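Worksheet for the structure shown next.
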Amino acid sequence: MGRLRLTADDREIGRLAVPAFLALVAEPLFLLGDAAVVGHLGTRELAGLGIAATVLQTLVGLCIFLAYGTTAGVARQLGAGRRQAALAQGIDGLWLAVVIGVPTTAVAIAFTEPLISAFGAGEAVGDQGATYLRVALLGVTPLLLMLAATGVLRGLQDTRTPLVVAVVGNIANLVLNVLLVYGVGPVPRLDIAGSALGSVVAQVGSAAALVAVVVVAARREGASLRPDLPGIRTAARAGVALLVRTLTLRASLLVTTFAVVLTARSHADQAVPIATHQLAMTIWGFLAFVLDAIAIAAQAITGRHLGAGDVAAARAVTRRMVGWGVVGGVVTGIGLAALSPVLGVLFTPDQAVRDALIPVLVIAAVAQPVAGVVFVLDGVLIGAGDGRYLAWAGLAVLGGYAPLVLGAAAIADDWVGGGLPWLWAVFSVVFMGGRFLTLTRRAAGDRWLVTGASR
């Protein structure tokens, strides 16, 4: 049997994807550490942290286009041999992060109480959440700068620097959390506010490190560091389509959760299906990091090839990355199916949740190869600057998926095996299948293969 031979494309995909994966995994792992630190203060504090973190992650998550759009634009300029223009475009992305971050911070701080109260968690939990969020919002602009700077570096084919900064920054975050939450030596005890302050300090340091790397590179190439209004407007326009794409993805996940809640109302213990769904979605999201790492490599490589006008190379590397996406999906799927009987033990002592989790994870496992293709092609089309198509495709999939999953929720309990596995089957077949069809159809054509320094 012949030995598997890695091509030059494979080696480049691995060079970009492996550090990207490690950087992606670093943040949720250290967020678990933050939760552990605050969790020892009490259940109210932990619940307050959960609510505040949801608000903060939503605000920042909607701005992921700062990373994705910047990666695609910078990679195109780099492929066209215009490194100075690439860094100038990257600087525009940094300024756009500031333009979005500063007013967002001011408005969110002013509306901290209503944002927390909207969750209806009660006064005791709400007070803890508001205390955390009011301080943590000071880190919004640094977080957006981190997204934009990471996008610049990915566009320059550098995923190692963001990895180093992510690891060092998150370790600093954990240490600062312990010091400021509990108070050590001369450091005063700040309780949950200390956790927020420690995170902000770590975020400022991480943003400063990443921005400094970009600024040094820009100066080396003679790119201006001053805000360029036309460039910022161009970056903003490119980001609108990716923002719509992100909104449709988040809306689909919210609709799924709402469908689960509807189904849970007829359950003897409503908490069981909701908790099971949350655990399944958490595991599914973690596995997505493996596939998303290939997608990040796809953004950078595709943009560079199209910027250089090399359509043949763009198609060839796309086929190779789709192949790796399928392999990644098969591996994660087999692993998830094999571990499905025991994963519940790691998360909950509730036997009902453990039992309900198994069939849901098996369904998710079967869908992993499809997810592998979806994630990779999403990255390819982002790298090609095809955000407008992704936005329209996202709206189409959401429009078809939402009524079907809500309709399934109304009748799912009458089906064999209960409601939750069927809802996950609808999620896998309709939502992920819909994304698969729209993305593969687009990738098979030529309209996304626009060459040159800009799209």
Side-chain angles (χ1 to χ4, degrees), residues 26-64 66 97 100-147 166 169-170 172-183 188-207 246-247 250-251 253-254 257 261 274-275 278-279 281-282 285-286:
E27 184 172 351
L29 289 178
F30 281 103
L31 284 175
L32 290 176
D34 289 356
V37 172
V38 173
H40 283 84
L41 292 175
T43 303
R44 292 175 178 175
E45 288 83 356
L46 183 59
L49 171 66
I51 292 173
T54 299
V55 174
L56 192 64
Q57 289 168 5
T58 299
L59 289 174
V60 176
L62 290 176
C63 295
I64 191 66
L66 287 169
I100 295 173
V102 171
T104 298
T105 300
V107 171
I109 288 177
F111 287 91
T112 295
E113 298 290 347
L115 286 170
I116 295 296
S117 298
F119 287 84
E123 184 177 354
V125 172
D127 287 345
Q128 296 295 329
T131 298
Y132 182 93
L133 184 60
R134 196 173 288 110
V135 178
L137 284 168
L138 297 174
V140 166
T141 301
L143 283 169
L144 298 190
L145 282 169
M146 288 169 63
L147 286 177
N170 281 298
N173 177 41
L174 187 59
V175 172
L176 288 169
N177 264 254
V178 173
L179 290 175
L180 295 172
V181 168
Y182 300 116
R189 180 186 177 109
L190 299 177
D191 293 322
I192 194 171
S195 176
L197 181 59
S199 296
V200 170
V201 172
Q203 289 155 5
V204 169
S206 298
T246 302
L247 285 171
R250 289 187 174 271
L253 297 180
L254 287 173
T257 301
V261 173
I274 296 174
Q278 179 59 36
L279 288 179
M281 193 58 75
T282 299
F286 182 81

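The shown structure was predicted, so the numbers you read here are calculated from the model rather than taken from an experiment.
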- Query: Hey, is the main chain of V37 close enough, under 3.5 Å, to the side chain of Y182 for a donor-acceptor pair?
  - Reply: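 Here the side-chain-to-backbone pair exists.
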Roughly how far apart are [X] [atom1] and [Y] [atom2], rounded to 0.5 Å?
X	Y	atom1	atom2	result
T54	L59	OG1	CG	11.0 Å
L179	L190	CG	CG	10.5 Å
L133	T112	CG	OG1	5.0 Å
Q128	I116	CD	CD1	11.0 Å
C63	I100	SG	CD1	5.0 Å
T131	L49	OG1	CG	12.0 Å

- Please report the C-alpha distance between T58 and L62 in whole Å, then the side-chain angles of each, then the deciding distance to 0.1 Å, and finally whether the side-chain contact (heavy atoms from CB on, under 4.5 Å) criterion is met. CA-CA 6 Å; T58 299; L62 290 176; 4.3 Å; yes
Closest approach of [X] to [Y] (non-hydrogen atoms, all atoms of both residues):
X	Y	answer
G61	R250	CA-NH2, 3.5 Å
L197	V135	N-CG1, 3.7 Å
S206	G169	OG-CA, 3.5 Å
P142	A207	O-CB, 3.4 Å
Q203	G139	OE1-CA, 3.4 Å

- What do the steps show when you test E45 against D191 for side-chain contact (heavy atoms from CB on, under 4.5 Å), and what is the final call? CA-CA 9 Å; E45 288 83 356; D191 293 322; over 6 Å; no
- Query: Which is it for I109 and L138 under the side-chain contact (heavy atoms from CB on, under 4.5 Å) test, yes or no, and what are the steps along the way?
  - Reply: CA-CA 9 Å; I109 288 177; L138 297 174; 3.9 Å; yes
- So do S199 and N177 actually touch side chain to side chain, heavy atoms under 4.5 Å? yes
